[in-house]
Amino acid sequence: MTLRAAIIGCGRVAWMLEDDPLETKPCTHMGAYGSVDGVEVVCAADTDAARLAAFGARYGVGALYDDYRRMLRMERPDVVSICAWATDRAAMVMEAIDAGVRGIWCEKAMAASLDEARAMADAAGRAGVVMIVSHMRRWCPRYRKAKEMIEGGVIGRLQSIVAHFSGSLLHTGTHAFDVLRWFAGEARWVEGALEERGGRAFEWELADDRGGRAVIGFDDGVYATVHGESKGYFFFEFDVIGSHGRIRIGNNDVLRLYRPAPSRHYTGLLELDGAPFPGFEERNIWTAALEDLIGCMRGEAENPSGPEDGLRALEMALGVHVSHGLGGARVELPLEVTGARVASR
């Protein structure tokens with residue numbers, strides 16, 4: 001039986017990036033739906049009439065709505081992709097659950113506040129709805145291989161990770177925070193500061209989503225430093241340091257393994273030298289995510305990026321905001337202060 005799918009928010013990540021000639025296809029929600037058997041997009045909603053019409057014409061979807069609530073009531077889809085801004089995602093998830101959907105593919109950051117994220121996770125759990133959060137590196141073969149190597153002791157005992165990215169702490173940064181937690185375990189504290197730039201200063205009610213820097217402590221003494229300020233170029237990279245090796249992984253085909261080898265400069269001293277990175281099977285991350293969502297709905301797969309994972313990545317980002325508001329003080333995780341809300345895309 002073919003699952004009926006809906007898309008809420010018809011912007012870049014929903015379908016428009018399929019027109020980027022440099023992207024590996026599929027590279028959007030709609031691209032994934034068009035590549036996976038057993039599911040079909042039958043309706044979509046967006047408040048931008050021109051963008052909604054362009055989507056419908058491109059993919060032959062006739063059931064188009066300017067009100068997602070009405071769409072959910074009228075169409076009763078099995079699966080919903082939520083691609084609108086983070087400030088709207090909590091309400092959309094709740095409405096989708098109330099409408100009886102069985103699976104939700106939610107963009108990141110999953111919400112604008114921890115209270116919203118917890119309510120979403122609780123509601124999905126009570127209703128038995130499968131929800132994946134779109135931290136896409138969870139499905140990336142090279143990141144999965146790096147995690148396998150870390151857990152297998154290829155670089156010895158994990159000691160620290162340096163994360164670099166350009167952008168803001170929620171919109172881009174939750175990708176990085178999710179990878180850090182995936183590699184290093186649960187985060188226990190965060191100290192940080194927001195990037196100084198124009199816009200609203202730190203506020204508890206609704207802060208700007210801006211960049212920042214942080215130090216984060218994880219289980220077993222592992223720590224990470226995060227550098228996420230605005231830049232004039234795209235940058236997303238991790239430097240993973242172990243007691244007996246190092247992994248560099250990131251965008252622009254950065255993938256390096258370093259192992260101890262005799263120094264070329266000092267007798268009797270070991271230094272890190274490049275080593276072959278183990279092979280892995282390539283797989284498209286978008287089709288992999290959708291296949292896992294469908295597999296989880298059918299009880300045939302495990303969820304690699306569920307609402308609890310999305311919540312914890314969001315918590316780390318919001319922890320930087322809270323620490324900044326407290327003058328850079330260390331903030332223990334899980335957060336007790338949950339009032340911070342950030343206006344992220």
Side-chain angles (χ1 to χ4, degrees), residues 2-66 68 71 75 77-86 88-89 92 96 101 103-110 131-144 165-167 171-172 174-175 178 233-234 236 250-253 281-295 304-305 310 344-345:
T2 299
L3 297 172
R4 302 172 72 256
I7 293 179
I8 301 176
C10 294
R12 283 166 53 82
V13 76
W15 70 280
M16 295 172 70
L17 283 174
E18 294 295 325
D19 289 334
D20 187 335
L22 299 180
E23 285 271 12
T24 301
K25 310 299 188 301
C27 58
T28 64
H29 287 248
M30 191 62 196
Y33 285 116
S35 303
V36 173
D37 294 333
V39 62
E40 178 186 4
V41 173
V42 297
C43 55
D46 199 300
T47 56
D48 186 319
R51 193 160 56 188
L52 183 62
F55 169 83
R58 169 73 175 271
Y59 292 103
V61 177
L64 304 175
Y65 294 79
D66 59 6
Y68 73 87
M71 178 190 71
E75 302 294 336
D78 302 300
V79 182
V80 174
S81 277
I82 296 179
C83 306
W85 285 23
D88 298 319
R89 286 175 195 147
M92 291 171 174
V101 303
I104 297 174
W105 186 355
C106 183
E107 269 302 316
K108 53 74 210 165
M110 67 180 286
M131 177 175 165
I132 64 171
V133 180
S134 219
H135 289 132
M136 301 305 294
R137 286 161 185 83
R138 294 264 181 162
W139 289 277
C140 178
R142 59 178 57 198
Y143 278 86
R144 294 171 75 93
F165 61 87
S166 52
H171 182 65
T172 304
T174 49
H175 278 302
D178 181 66
Y233 53 90
F234 184 64
F236 194 95
N251 284 45
N252 203 24
D253 296 324
E281 183 178 351
E282 291 288 359
R283 186 185 183 196
N284 184 274
I285 60 176
W286 293 90
T287 57
L290 181 56
E291 286 169 351
D292 276 350
L293 174 59
I294 294 172
S305 185
S344 178
R345 291 186 288 138

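Just the heavy atoms: all of them, side chains too, but no hydrogens, waters or symmetry mates, feed the values below. Since the structure is predicted, the reported quantities are computational estimates derived from the model, not experimental observations. Starting from 1, each residue takes its place in the sequence as its number.
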Nearest 0.5 Å, please: how far is [atom2] in [Y] from [atom1] in [X]?
X	Y	atom1	atom2	value
I285	Y143	CD1	OH	10.0 Å
D178	S134	CG	OG	10.5 Å
H29	C10	NE2	SG	11.0 Å
K25	T287	NZ	OG1	14.0 Å
L52	L64	CG	CG	4.5 Å

[X] to [Y] - nearest heavy-atom pair and separation:
X	Y	result
T2	D78	O-OD2, 4.4 Å
A289	M136	CB-CE, 3.9 Å
V39	A5	CG2-CB, 3.9 Å
R142	G250	NH1-O, 4.2 Å
T174	A109	CG2-CB, 3.9 Å

Do [X] and [Y] make a side-chain contact, defined as non-hydrogen atoms from C-beta onward lying under 4.5 Å apart?
X	Y	answer
V133	R138	no
V101	M131	no
V41	Y59	no
Y68	D88	no
Y233	S166	no
I82	E107	no

Using the salt bridge (charged side-chain N to carboxylate O under 4.0 Å, His left out) criterion, which residues pair with [X]? Sequence neighbours excluded.
X	value
R137	none
D292	none
R89	none

Review point. Are any side-chain N or O atoms of S305 and backbone N or O atoms of I132, one a donor and one an acceptor, separated by less than 3.5 Å?
Key: no
Residues in ring-ring contact (aromatic ring centres under 6.0 Å, His included) with [X], at least two apart?
X	value
F236	F238
H171	none
H135	H175

Review point. Among pairs that include at least one residue of residues 37-54, which meet salt bridge (charged side-chain N to carboxylate O under 4.0 Å, His left out), considering only residues two or more places apart or in two chains?
Key: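 Every pair satisfying salt bridge (charged side-chain N to carboxylate O under 4.0 Å, His left out) with a residue in residues 37-54: D46-R51.
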Review point. Could you give all pairs that pass the salt bridge (charged side-chain N to carboxylate O under 4.0 Å, His left out) test and reach residues 6-24, with sequence neighbours left out?
Key: D19-R58
Sequence neighbours left out, what passes side chain to side chain contact (heavy atoms under 4.5 Å, CB included) with [X]? Give chain and number order.
X	result
A32	W105, W286, L290
T47	none
E281	none

Practice item. Test side chain to side chain contact (heavy atoms under 4.5 Å, CB included) on I7 and W15 and set out the steps. Key: CA-CA 10 Å; I7 293 179; W15 70 280; 6.0 Å; no
**Study point:** Sequence-distant partners of Y65, side-chain hydrogen bond (donor to acceptor under 3.5 Å, both in side chains), two or more places apart
**Key:**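 With sequence neighbours excluded, Y65 shows a side-chain hydrogen bond (donor to acceptor under 3.5 Å, both in side chains) to E75, given in chain and number order.
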